[in-house]
Visitor: 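Handing you this structure, nothing more for now.
The first residue of the sequence shown is numbered 1, and numbering continues consecutively from there. Values reported hereafter were calculated over all heavy atoms of this structure, with side chains retained and with hydrogens, waters and symmetry mates removed.
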Amino acid sequence: MSVWNYVVTAHKPTSVSHSCVGNFTSPNQLNLIIAKCTRIEIHLLTPQGLQPMLDVPIYGRIATIELFRPHNETQDFLFIATERYKFCVLQWDAEKSELLTRAMGDVSDRIGRPTDNGQIGIIDPDCRLIGLHLYDGLFKVIPFDNKGQLKEAFNIRLEELQVLDIKFLHGCVKPTIVVLYQDNKDARHAKTYEVALKDKDFVEGPWSQNNLDNGAGLLIPVPAPLGGVIIIGEETIVYCNANATFKAIPIKQSIIRAYGRVDPDGSRYLLGDNTGTLHLLVLTHERERVTGLKVEYLGETSIASSISYLDNGVVYVGSRFGDSQLVKLNLQADASGSFVEVLERYVNLGPIVDFCVVDLDRQGQGQVVTCSGAFKDGSLRVVRNGIGINEQASVELQGIKGLWSLKSSFNDPYDMYLVVSFISETRFLAMNMEDELEETEIEGFDAQTQTLFCQNAINDLLIQVTANSVRLVSCTSRELVDQWTAPAGFSVNVASANASQVLLATGGGHLVYLEIRDAKLVEVKHAQLEHEISCLDLNPIGENPQYSSLAAVGMWTDISVRIFSLPDLELIRKENLGGEIVPRSVLLCTLEGVSYLLCALGDGNLFSFLLNASTGELTDRKKVSLGTQPISLRTFSSKGTTHVFASSDRPTVIYSSNKKLLYSNVNLKEVNHMCPFNTAAFPDSLAIAKEGELSIGTIDDIQKLHIRTIPLNEQARRICHQEQSRTLAFCSFKYNQTSMEESETHYIRLLDHQTFEFLSTYPLDQYECGCSIISCSFADDNSVYYCVGTAYVIPEESEPTKGRILVFAVEDGRLQLIVEKETKGAVYSLNAFNGKLLAAINQKIQLYKWMLRDDGSHELQSECGHHGHILALYTQTRGDFIVVGDMMKSISLLVYKVMRKVRLKSVLGITMQTG
């Protein structure tokens, strides 16, 4: 095994922490800029909606972003600070269409205690300085010079240690900040300071406000001419300014952490709280004096971490806990009383607190089921790598042996007919005026026999190959134009064709090459091979899309693939494949300008070769397993790019990226035949024949993770899959808030792993929450159980002193409690261990064995344990070894030993320090 790991990001960050709106890319363009962990997304606001412009990686987790406009500039600059105390100022160069770094630096200090409430980065409205609160008791200032360049940073001592928020006030002669803080008696106050840049110190500001709402946590500076600041609490909203104006209104108890300004003058603000409710805060004013505050309910959104008002009542709601949304604020409420209409959702996988990997379709391809989101935005997400086929239409049809699409004329951009072949007949489907498929006839085709191949040909002709003949039919009259008949005693077994050539195998190793000349089929060459032919292809790969100078032939007996030159049928290259499995499908194709020969075997394996189109040489032989059944290969086009579809028990799309062949599973269980079917009603679609069904579907983006959402309206904490019962079980809790109190209710829930229907729910006791869950079996018991570890989280206790281990069986789709075992602490981790159950309970590792009582019931009986941990949070086992992850002591290695007295013995202790 290699000691190196290849680590790659499968899915970019989706959790939105910050967003802002401004004229970043042009003075006349409005941009939405979104911060997602380590990436910045820049969008352009257009009449059609949000248009993505740029996705920029940032080296570090983004702590704060702000747009600002220096003096004498026509467009905004972007300030970014990271959690590791690095910052940069970015500008968009419209001429080169690229980002420029105007400034960058490190604002870390050698000493200082990082703030508990997170970093704060703010910019003076008049662009005189950037302010940063990174360490308790310090306010870092980065001044601007007269040209808008940043000067050397310096620190100012801040008396207030527990700072909750800091903002710059508008309309002040000198840069003035307002600080919201908490004193050592847990009372909250607001205080203002003027920043004296020359003296590098604070001067006491124009006003202060003591004894605010105990839940006050957010400041909103109001632009000039109104000025002042809004202080958002949990029960009150207060407005105050330097003119001793003080206005307050009570609100329903909630925690508001996100706001967005609607009007440039600051008279209206959108507020998002911790329940996902969106409010409108209105400042009523007469001229430049605020006369009152008013709060209106608007509706429900995701729990907002940022709110950005775009234009015309359209708002971007960024969320850490659920899907971010683009919403429209309507003038009239809907039937439920909401003014909010969701225009678009942007999938967010975070925060992921647990996941399990399952093979739901039993196809050998793992899917990840995650516990995502938080509070009301909690959900399960099924994350699958591969390609989705979105079914548009389907019809039941048994026994399909082949599929081909045909155009009404050679140069028609759209397909008209779908040819469906059966064992003893051929049927023709056509698009009618209502864009529906209906059965039709093509008079020149033989409908009373199985079709082996169909193709549009030059001169507006159609080709049909059957066992007895090759027929040329006119596209316009649909009548027979010419026909080639198989010699007496021979029949066509395998066929391939392109717009001007036909290649046939007529049994006994006979290879017949025909060309279409002047609307006639002309037999050009005949060759006798030593073995039977299993498959053929002459897809053009050269410069001429209507003519191929090479033909690929798969052989029985010697299990080889051969390249012949055309028109003389001279053997250029023979490649022995080895083994005993016959090639069932060959394909000549060009992907990203590189020519390949693909050869699929009857056991689901696929060989790929680089092909020299001029010499026929084969190089770079590779083999990959795509399934277990015979594979059929066909090319198709998606968004102007050619790909290959491999039909089998595990259908796969073969595509090229950076000149490399890549393979992506398709979300279909089994595909027998496929052909491209590009019509006006179904552009870039595929016709797919499955067992007993013909369907038409569009294909998703190649190279994309597919995410399915199962909304829970509660937060899932731990999840586990049980293959035997075909179920998923998870621990969850629901957050209940009434006007009087808040509470949490915890559950164990059971889902069907295919449909994700709720099958059963087991409510836990009051104060009891699920901490761990596994699926396991025990020694001398063939049944499979769900084991759940819980803890009683009593508000008065610093650490849980009581918990339970619950053992459930799934009977008739219901959770049945089999065994209940009380523990002296929280069961943070459970593991199956040699037919027994291993539990991490507070500071102890405990091993339980499964015992059968005299009455036929079971119980968990303690066998041995190991003390000496501080808080054992994680355990993993292999053989007799146990690795314990401790909150303080890091990693310990234990071994299970059978002595006269069975015990767990510590072998190795590793302590790791993290910076």
Visitor: Are F154 and F139 an aromatic pair by the rule of ring centers under 6.0 Å?
Guide: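 For F154 and F139, the ring centres are not under 6.0 Å apart.
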
Visitor: Could you check D213 against T236 for side-chain hydrogen bond (donor to acceptor under 3.5 Å, both in side chains), going step by step and ending with a plain yes or no?
Guide: CA-CA 7 Å; D213 183 336; T236 58; 3.2 Å; yes

Visitor: If you count heavy atoms of other groups shown closer than 6.0 angstrom to CG of D106, is the number above 12?
Guide: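 Result for CG/D106: enclosed.
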
Visitor: Which heavy-atom pair separates V163 from N117 by the least distance, and what is that distance?
Guide: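 Minimum heavy-atom contact is O-ND2, 2.9 Å.
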
Visitor: If you round to the nearest 0.5 Å, how far is CG of L293 from NZ of K247?
Guide: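 If I round to the nearest 0.5 Å, the distance is 8.5 Å.
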
Visitor: Any side-chain heavy-atom pair from I80 and F87 closer than 4.5 angstrom?
Guide: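 With C-beta onward as the side chain, the pair stays apart.
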
Visitor: Do Y316 and I307 come close enough that some side-chain heavy atom pair is under 4.5 Å?
Guide: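 The answer is no, as the side chains (C-beta and beyond) never meet within the 4.5 Å cut-off.
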
Visitor: Salt bridge check: are D265 and R268 linked by an N-O gap of less than 4.0 Å?
Guide: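 No, no charged N to carboxylate O under 4.0 Å.
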
Visitor: If you take all heavy atoms of G266 and V222, which pair is closest and at what distance?
Guide: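 Where G266 meets V222 most closely, the heavy atoms are O-CG1, 3.9 Å.
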
Visitor: So how far is it from T301 OG1 to L326 CG, rounded to the nearest 0.5 Å?
Guide: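 Between T301 OG1 and L326 CG, I get 12.0 Å after rounding to 0.5 Å.
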
Visitor: Ignoring hydrogens, what is the shortest heavy-atom contact between Y85 and P114? Give both atom names and the distance.
Guide: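 So the minimum-distance heavy-atom pair works out to OH-CB, 3.5 Å.
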
Visitor: Give a yes or no answer on whether the side chain of N31 reaches the backbone of I33 with a donor-acceptor pair at less than 3.5 Å.
Guide: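 Checked: no pair found.
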
Visitor: Between T284 and G292 (side chain of the first, backbone of the second, donor and acceptor by atom type, cut-off under 3.5 Å), is there such a pair?
Guide: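 Side chain of T284 to backbone of G292: a pair is present.
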
Visitor: Is F168 close to I123 at the side-chain level, that is, under 4.5 Å between some pair of heavy atoms?
Guide: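 When only atoms from C-beta onward are counted, F168 and I123 do not touch, as no gap falls below 4.5 Å.
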
Visitor: So, the side chain of Q75 versus the backbone of F24: is there a donor-acceptor pair under 3.5 Å, distance only?
Guide: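 Answer holds: yes.
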
Visitor: Which atom names give the shortest non-hydrogen contact between R39 and P13, and what distance separates them?
Guide: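 Closest pair (atom of R39, atom of P13, distance): CD-CD, 3.7 Å.
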
Visitor: Would you indicate whether the side-chain heavy atoms of V107 and I142 approach each other to under 4.5 Å?
Guide: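 Contact flag for I142/V107 side chains = yes.
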
Visitor: Identify whether the distance between the nearest side-chain nitrogen and carboxylate oxygen of D55 and K12 falls below 4.0 Å.
Guide: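 Answer for the salt bridge query: yes.
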
Visitor: Evaluate whether atom CZ of F355 has more than 12 neighbouring non-hydrogen atoms of other residues, nucleotides or ligands under 6.0 angstrom away.
Guide: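 At most 12 heavy atoms, drawn from other residues, nucleotides or ligands, come within 6.0 Å of this atom.
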
Visitor: Are the side chains of L78 and V89 in contact, using a 4.5 Å heavy-atom criterion?
Guide: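 Not touching, per the 4.5 Å side-chain cut-off.
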
Visitor: Might you confirm whether atom CG of D145 has over 12 heavy atoms from other residues, nucleotides or ligands at distances under 6.0 Å?
Guide: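 Correct, the count exceeds 12.
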
Visitor: Given 3.5 Å as the limit, does a donor-acceptor pair link the side chain of T176 with the main chain of L169, or not?
Guide: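 No, the answer is negative, given that no donor and acceptor are paired below the 3.5 Å cut-off.
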
Visitor: With a 3.5 Å distance limit and no angle check, can you tell me whether T14 reaches the backbone of L349 through a side-chain donor-acceptor pair?
Guide: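 Pair found, side chain donor or acceptor close to backbone of L349.
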
Visitor: Going through the distances and angles, do N348 and V16 end up as a side-chain contact (heavy atoms from CB on, under 4.5 Å)?
Guide: CA-CA 8 Å; N348 173 23; V16 174; over 6 Å; no

Visitor: Would you call K36-E41 a salt bridge at under 4.0 Å N-O?
Guide: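 Yes.
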
Visitor: Hey, could you give me each pair passing ring pair (Phe, Tyr, Trp, His ring centres under 6.0 Å) that has a residue in residues 246-294? Not counting sequence neighbours.
Guide: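 Those involving residues 246-294 do not exist here.
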
Visitor: Hey, is the main chain of N28 close enough, under 3.5 Å, to the side chain of N23 for a donor-acceptor pair?
Guide: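 Pair absent, no side-chain N/O of N23 close to backbone of N28.
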
Visitor: Evaluate the salt bridge (Lys or Arg N to Asp or Glu O under 4.0 Å) criterion for residues K252 and D273: first the C-alpha distance (whole Å), next the side-chain angles of each, then the deciding distance (0.1 Å), finally the verdict.
Guide: CA-CA 11 Å; K252 182 183 174 184; D273 68 15; over 6 Å; no

Visitor: Whether the side chain of N274 engages the backbone of I255 through a donor-acceptor N/O pair (distance < 3.5 Å, no angle test) should be reported.
Guide: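 Such a contact is found between N274 side chain and I255 backbone.
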
Visitor: Working to the nearest 0.5 Å, report the span between CG of L158 and NZ of K191.
Guide: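 With rounding to 0.5 Å, CG (L158) is 9.0 Å from NZ (K191).
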
Visitor: To the nearest 0.5 Å, tell me how far L278 CG sits from S338 OG.
Guide: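 Between L278 CG and S338 OG, I get 8.5 Å after rounding to 0.5 Å.
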
Visitor: Show the numbers, then the answer: is there a side-chain contact (heavy atoms from CB on, under 4.5 Å) between K140 and D109?
Guide: CA-CA 10 Å; K140 187 174 289 289; D109 292 329; 3.1 Å; yes

Visitor: Is there a side-chain contact between L30 and V21, using heavy atoms and a 4.5 Å cut-off?
Guide: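 Side chain of L30 against side chain of V21, heavy atoms only: contact under 4.5 Å found.
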
Visitor: Working to the nearest 0.5 Å, report the span between OG of S308 and CG of L32.
Guide: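 Here the rounded value is 5.5 Å.
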
Visitor: Just do the salt bridge (Lys or Arg N to Asp or Glu O under 4.0 Å) check on R717 and D354 with the steps written out, would you?
Guide: CA-CA 6 Å; R717 297 188 64 208; D354 195 21; over 6 Å; no

Visitor: Can R381 and D323 be counted as an ion pair, charged N to O under 4.0 angstrom?
Guide: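 Yes, charged N to carboxylate O under 4.0 Å.
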
Visitor: Can you check salt bridge (Lys or Arg N to Asp or Glu O under 4.0 Å) on D126 and R128, steps first, answer last?
Guide: CA-CA 6 Å; D126 295 320; R128 291 169 287 192; 3.1 Å; yes

Visitor: I need the minimum non-hydrogen distance between Y309 and V262, along with the two atoms involved.
Guide: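 That would be CD2-O, 3.7 Å.
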
Visitor: Check the surroundings of atom CG in N312: do more than 12 heavy atoms from other residues, nucleotides or ligands lie under 6.0 Å from it?
Guide: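 No, not enclosed.
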
Visitor: A quick test of your reading: do over 12 heavy atoms of other residues, nucleotides or ligands sit less than 6.0 Å from NZ of K200?
Guide: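 12 or below, so no.
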
Visitor: For the residue pair E300 and T277, confirm or rule out a side-chain donor-acceptor distance under 3.5 Å.
Guide: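 Judged by distance alone, the side chains do pair up.
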
Visitor: Does a donor on one side chain and an acceptor on the other come within less than 3.5 Å for S305 and S17?
Guide: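 Absent: no donor and acceptor within the cut-off.
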
Visitor: Tell me every residue that passes ring pair (Phe, Tyr, Trp, His ring centres under 6.0 Å) with F375, counting only those two or more places apart in sequence or in another chain.
Guide: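 Testing F375 for ring pair (Phe, Tyr, Trp, His ring centres under 6.0 Å), a comparison that skips the adjacent residues, returns F321, Y735.
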
Visitor: Show the numbers, then the answer: is there a side-chain hydrogen bond (donor to acceptor under 3.5 Å, both in side chains) between E160 and Y193?
Guide: CA-CA 12 Å; E160 293 73 31; Y193 291 101; 2.8 Å; yes

Visitor: Are the charged groups of K167 and D165 less than 4.0 angstrom apart, N to O?
Guide: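 Salt bridge present between K167 and D165.
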
Visitor: State whether the side chain of E204 and the backbone N or O of T192 hold a donor-acceptor pair below 3.5 Å, judged by distance alone.
Guide: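 No, E204 side chain to T192 backbone: no donor-acceptor pair under 3.5 Å.
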
Visitor: Quick one: does K174's side chain get under 4.5 Å of L197's, heavy atoms only?
Guide: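 A side-chain contact under 4.5 Å is absent here.
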
Visitor: Using modelled atom types only, decide if a donor and an acceptor are shared between the side chain of N713 and the backbone of D377 within a distance under 3.5 Å.
Guide: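 Here the side-chain-to-backbone pair does not exist.
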
Visitor: On a heavy-atom basis, which atom in C127 and which in F144 lie closest, and how many Å separate them?
Guide: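 For C127 versus F144, the nearest heavy atoms are O-CD1, 3.3 Å.
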
Visitor: Between atom OG1 of T82 and atom CD of Q119, what is the distance when rounded to the nearest 0.5 Å?
Guide: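 So the OG1 of T82 and the CD of Q119 are separated by 7.0 Å.
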
Visitor: Is the CD atom of E98 crowded by more than 12 outside heavy atoms at less than 6.0 Å?
Guide: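 More than 12 heavy atoms, drawn from other residues, nucleotides or ligands, come within 6.0 Å of this atom.
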
Visitor: Counting only N and O atoms by type, is there a donor-acceptor contact under 3.5 Å from the side chain of D199 to the main-chain atoms of D201?
Guide: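 Here the side-chain-to-backbone pair does not exist.
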
Visitor: Mind running salt bridge (Lys or Arg N to Asp or Glu O under 4.0 Å) on E714 and K376 for me, showing each step along the way?
Guide: CA-CA 5 Å; E714 62 189 41; K376 80 170 185 69; over 6 Å; no

Visitor: Is the shortest side-chain heavy-atom distance between W92 and S97 below 4.5 Å?
Guide: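 Yes; the side chains approach each other to less than 4.5 Å.
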
Visitor: Decide yes or no on side-chain hydrogen bond (donor to acceptor under 3.5 Å, both in side chains) for H189 and D183, but give the supporting numbers first.
Guide: CA-CA 8 Å; H189 319 280; D183 63 19; 2.8 Å; yes

Visitor: Checking side-chain polar atoms at under 3.5 Å, does S306 have a donor or acceptor matched by the opposite partner on S19?
Guide: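 On atom types as modelled, these side chains qualify, holding a pair under 3.5 Å.
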
